[in-house]
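Please read the structure below before turning to the comments.
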Amino acid sequence: RSVGIWICTATSYDRPAAGPGGPGDGETRSAAAHRRRDRRRCDYLGAMPIPQLQVAHAVTPTGVVDDAVITIADGRIAAVAPGGPGADGGATAGLWAVPGFVDTHSHGAVGIAFGHPDVEANRRAIAYHLTQGTTTIFAATVTEPIEKLEAQLRVLRGLHAAGELGGIHLEGPFLAPEKKGAHDLALLRDPDAESVERLIAAGGPALKMITLAPERQFGEEATRRFV
């Protein structure tokens, strides 16, 4: 068996300060601190046929294990225990092993909106999120006409069935005008039974999260139906 390994590092950097004097000119301490940013980079090392991985720190459900040895069996983590090389040992010195990030509200990446008719375009967006450490993604929709949402849900449902998405977050079109955010006001609608059934039929078991305004007409009935 082999295990897909990602190595992520974070570094701090300064954004150039606004103003003619360049960085630091006339800045307060808080302003200078505000310019500090973290840049994270994750590199995929590939599928590695290794029984163990040694890291400086491993985050587990019960806490952080320092100088950790991660034992892998049948493609899964079998154990995490202390006993690694220590802070100065090997190429993994200073590295952390953490659970993958879970993003339940992502509309896409790299110029691609989730639900794009090109399946491979959706996969490129998913691949980008993987490089940032996110391993479970709910692809979020935006308010559109029902027929367009149906088409988007069918694309995303296939990616969920293939194990490439954790699910679909149906955001809209059943939102309140006062809380619509960036959604198109003209496309908001009540969650009538026909619309709800069409979206459920298109998304099927991939529908994992629904954002709607229960105060809209039929909102209570729709909530019960989605659940």
Q) Does any N or O in the side chain of Asp74 come within less than 3.5 Å of the main-chain N or O of Arg76, such that one atom is a donor and the other an acceptor? A) no
CD (Glu171) and NE2 (His107) are apart, to the nearest 0.5 Å, by 4.5 Å
> Do the side chain of Ser106 and the main chain of Asp103 share a donor and acceptor less than 3.5 angstrom apart?
Replying inline: no
Between His129 and Thr135, does the side-chain contact (heavy atoms from CB on, under 4.5 Å) criterion hold? Intermediate values first, please. CA-CA 7 Å; His129 284 285; Thr135 55; over 6 Å; no
Are the side chains of Val102 and Phe138 in contact, using a 4.5 Å heavy-atom criterion? no
Checklist entry - Is the shortest heavy-atom distance from the side chain of Phe226 to the side chain of Ile200 under 4.5 Å? => result yes
Value for OG1 (Thr211) from NE2 (His105), rounded to nearest 0.5 Å, stands at 6.5 Å
Taking every heavy atom of Ala97 against every heavy atom of Val55, the minimum-distance pair comes out as CB-CG2, 4.0 Å
Side chain to side chain contact (heavy atoms under 4.5 Å, CB included) filter on Val98, not counting sequence neighbours, yields Val59, Trp96
- State, yes or no, whether a side-chain contact exists between Leu165 and Thr136 at a heavy-atom distance under 4.5 Å. no
Here the pair of heavy atoms bringing Tyr128 nearest to Ala109 is CD2-CB, 3.6 Å
Tracing side-chain contacts under 4.5 Å among Ile, Leu, Val, Met, Phe, Trp and Tyr outward from Val142 reaches none
Of all heavy-atom pairs linking Gly108 and Phe114, the shortest is N-CD1, 3.3 Å
Residues at least two apart in sequence or cross-chain that pass side chain to side chain contact (heavy atoms under 4.5 Å, CB included) with Val155, listed by chain then number, are Val119, Asn122
With a 4.5 Å cut-off on side-chain heavy atoms, are Ile77 and Thr71 touching? no
Next item on the list: Kindly indicate whether the side chain of Pro82, heavy atoms from C-beta on, has any atom under 4.5 Å from the side chain of Asp67.
Entry: no
When the side chains of residues 173-187 are checked against the rest of the protein, which donor-acceptor pairs come out under 3.5 Å, sequence neighbours left out?
residue, atom, partner, partner atom, Å
Lys180, NZ, His183, O, 3.2
His183, ND1, Thr143, N, 3.1
His183, ND1, Thr143, OG1, 2.7
Asp184, OD1, Ala186, N, 3.0

All heavy atoms of Ala222 vs all of Val196, minimum pair found to be CB-CG2, 3.9 Å
Those residues at least two apart in sequence (or on a different chain) that pass side-chain hydrogen bond (donor to acceptor under 3.5 Å, both in side chains) with Arg198 are Glu150
In short, Leu156 meets Gly115 closest at the heavy-atom pair CD2-N, 3.5 Å
Quick note, side-chain hydrogen bond (donor to acceptor under 3.5 Å, both in side chains) partners involving residues 152-164, not counting sequence neighbours, are Arg123-Glu164
The side chain to side chain contact (heavy atoms under 4.5 Å, CB included) partner of Ile137 among Leu130, Thr104, Ile126, Leu159 is Ile126
Worksheet item: Heavy-atom distance under 4.5 Å between the side chains of Arg225 and Glu197, does that happen here?
Response: yes
Side chain to side chain, Pro214 and Glu220, heavy atoms closer than 4.5 Å = no
Q) Do side-chain atoms of Ser195 reach the backbone of Pro191 as a donor and acceptor pair under 3.5 angstrom? A) no
For Val80 and Ala68, the nearest pair of non-hydrogen atoms, with its separation, is CG1-CB, 4.2 Å
dist Ile210:CD1 -> Leu199:CG (nearest 0.5 Å) comes out at 8.0 Å
Notebook entry, point to check: Between Asp190 (side chain) and Asp192 (backbone), is there a donor-acceptor pair under 3.5 Å?
Noted result: no
Point to revise | Audit row: Thr141, His169, side-chain hydrogen bond (donor to acceptor under 3.5 Å, both in side chains) steps and yes/no | key: CA-CA 6 Å; Thr141 61; His169 176 173; over 6 Å; no
- Query: Taking the side chain as C-beta and beyond, is there a heavy-atom pair between Lys208 and Leu170 under 4.5 Å?
  - Reply: no
